[in-house]
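First the structure, in the form of structure tokens, and then the observations on it.
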Amino acid sequence: MATQNSINNASGSLTVDPGASGDSFIQYNINTTGEFRIGIDDDAADAFIIAQGSALGGTDTFIMSADGERTMPLQPAFLAYNSSTDLNVTGDATQITIKFDTEIYDQNGDYNTSTYTFTAPITGRYFLGVTVRCEGLTASHTSLQCWMKTSNRTYRASRYDIGALRNADDDSAIAESSIDADMDAADTAYFEVVISFGTKVVDIVGNSVPYTRFWGHLAC
Amino acid sequence: MAKNNAIDSAVPELTIDPGASGDSFIQFDINGTGEFRIGVDDTDGDAFIIAQGSALGTSNTFRMSAAGERTMPLQPAFLAYNSADDSNVTGAGTVAQVEFDTEIYDQNDDYNTSTDTFTAPITGRYHFDFKGRLNDVAADMTALETYITTSNRTYYGTDLSAGAAMSATNFLSFQVNTDADMDAADTATVSVVVSNGSGDDADIDGSSTPITRWSGHLVC
């Protein structure tokens, strides 16, 4: 079948059709520079795609499968974890920034594994979550406090007698937090913990299993 | 007003207008087969729609209301709960896979109420939230761990002495939440293990009120 692009003044519509095969698309240019292309990618199971530039399947920003599953491969989203245990870092009221030094993914390059900080690339609402496993607890460690600290505000999280409630098998317990947070472009987020009233013998667990992890994504 | 579809070469715009009423849309076909239609649905509050196929309002995959509220009715998203108590399932070290036998919703039919398993329909980043409650916890049950097991890795949540943390009437809530990377066909389940008790006497609560529940959705 020949290519069949048409403006239909009888039905108030525009039809784009490449014929027997190929992508069906609309190209948005400014001064001949390809800015975005939207359409159906014949090589991607006929998914509907919004792509930056002048091709589908290159720099896709929005993919809607024929089954209605939407993915956004460049949307800010990260998951990082602590890969090795940090020994004897709190317990005596020493307040620490939790180290999540290894990324599982970081779609937009917004998380820094050296500073353990997420930086918002764009103003929006971000879902952020943390789980931190502590070990080496004793009954004297009667206070856990922790915070998700963002540029706009600090969100207080778990607070309890962590020593009393510790898991007897390995003297462990967790601190955790989750929040939808308003962040402006370049705003940062990181997580702090302090365990008090005992000695500085509490470890922050690190392992290839992400016991201690930090995750987030741009919600809207 | 007569239909007014026009390409205006004087300014960089394309206008699609069905006239007095009707949808304003662009149809993307390949070889005469309707793949996707995007446009404004005149019978749906003039929402902007991305629909699979050749019509708006039938297989909508993306809907942006005129007020800016975005919904995706086929996006993978589920909420399931345990409808009845599971008695004597853990307490002495037995690992119990948590059952969620009743769905509240399952938009893309990815959750299985018989195997209590979520299967990712497409590669992406998924968010999971689990909240459960135990009953008949005993003081000697001094260890509890709960986790979400995915094909790629395991994510741990609540970690404590169940016996120390339980309420005066022997209840205890526990939870896991995380973002996770899943490949197409990867699976996820929820488990809990309570240890050091004299027997597996702890129950996982279930009720028509979703006390023990699990939800998830495709983030991006």
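In the text below, chain A, chain B and the rest are named by the order of the sequence lines, each starting its count at 1.
Residue contact with chain A, scored on non-hydrogen atoms closer than 4.5 Å, involves the backbone and the side chain of B:D181 alike. Only the backbone of A:F25 comes within less than 4.5 Å of a heavy atom in chain B; its side chain stays farther off. Heavy atoms closer than 4.5 Å to chain A are found in the side chain of B:R70, but not in its backbone. Contact annotation for A:L79: only side-chain heavy atoms (C-beta onward) come within less than 4.5 Å of a heavy atom of chain B. Only the backbone of B:T123 comes within contact range of chain A, with at least one heavy atom under 4.5 Å from a heavy atom of that chain. With a threshold of 4.5 angstrom between heavy atoms, B:L144 approaches chain A through N, CA, C or O but not through any side-chain atom. Both the backbone and the side chain of A:E69 come within contact range of chain B, with heavy atoms under 4.5 Å apart. Only the backbone of B:A180 comes within contact range of chain A, judged by heavy atoms closer than 4.5 Å. Only the side chain of A:T131 comes within contact range of chain B, judged by heavy atoms closer than 4.5 Å. Residue contact with chain B, scored on non-hydrogen atoms closer than 4.5 Å, involves the side chain of A:F62 exclusively. Looking at B:Q52, the atoms closer than 4.5 Å to chain A (heavy atoms on both sides) all sit in the side chain, from C-beta outward. Of the atoms belonging to A:A173, heavy atoms from both backbone and side chain fall under 4.5 Å from chain B. For A:I26, the parts lying under 4.5 angstrom from a heavy atom of chain B are both the backbone and the side chain.
Relative orientation of the A:H217 and B:H217 rings is perpendicular, given thresholds of 30° and 60° on the angle between their planes.
Residue with the most contacts toward chain B among A:P210, A:G129, A:A47: A:P210 (heavy-atom pairs, distance under 4.5 Å). Chain A forms the most heavy-atom pairs under 4.5 Å with one residue out of B:M72, B:Q27, B:R125, and that residue is B:R125. Per-residue heavy-atom pair counts under 4.5 Å with chain B were compared for A:G68, A:C220, A:G216, A:C134, and the maximum is reached by A:G68. Of all the listed residues (B:D179, B:T61, B:L74, B:I26), the one sharing the greatest number of non-hydrogen pairs under 4.5 Å with chain A is B:D179. If you tally non-hydrogen atom pairs under 4.5 Å between each of B:H127, B:Q75, B:R37 and chain A, the highest count goes to B:Q75. Of the listed residues B:T178, B:T33, B:N60, B:N196, the one with more heavy-atom pairs under 4.5 angstrom with chain A than any other is B:T178. Ranked by non-hydrogen atom pairs under 4.5 Å with chain A, the options B:S24, B:P121, B:G22 are led by B:P121. When the candidates B:T154, B:L160, B:T158, B:T142 are compared by the number of heavy-atom contacts under 4.5 Å with chain A, B:L160 comes out ahead.
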Working for salt bridge (Lys or Arg N to Asp or Glu O under 4.0 Å), residues A:R166 and A:D171: CA-CA 5 Å; A:R166 71 193 189 281; A:D171 292 321; 3.0 Å; yes

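Taking a cutoff of 4.0 Å between a charged side-chain nitrogen and a carboxylate oxygen, A:R133 and B:E145 qualify as a salt bridge.
Take B:N177 and apply the side-chain hydrogen bond (donor to acceptor under 3.5 Å, both in side chains) test, not counting sequence neighbours, and it matches no residue.
Side-chain N/O atoms of A:S172 and B:D159 include a donor and acceptor closer than 3.5 Å. Under 3.5 Å, the side chains of B:T15 and B:D17 contain no donor-acceptor pair of N or O atoms.
Here the straight-line distance linking atom CD of A:E103 with atom OG1 of A:T113 works out to 5.5 Å at 0.5 Å rounding. Of the inter-residue distances, the one linking A:I49 atom CD1 with A:L56 atom CG reads 5.5 Å to the nearest 0.5 angstrom. A distance of 10.5 Å separates CD in A:Q145 from OG1 in A:T90, rounded to the nearest 0.5 Å. Atom OG of A:S178 and atom CE of A:M148 lie 8.0 Å apart (nearest 0.5 Å).
Other residues, nucleotides and ligands contribute over 12 non-hydrogen atoms within 6.0 Å of the OH atom of A:Y116. Few gaps surround CD1 on B:I104; more than 12 heavy atoms of other groups in view lie less than 6.0 Å from it.
Contact detail for B:D29 and B:E35: the closest heavy-atom pair is OD1-N, 4.1 Å.
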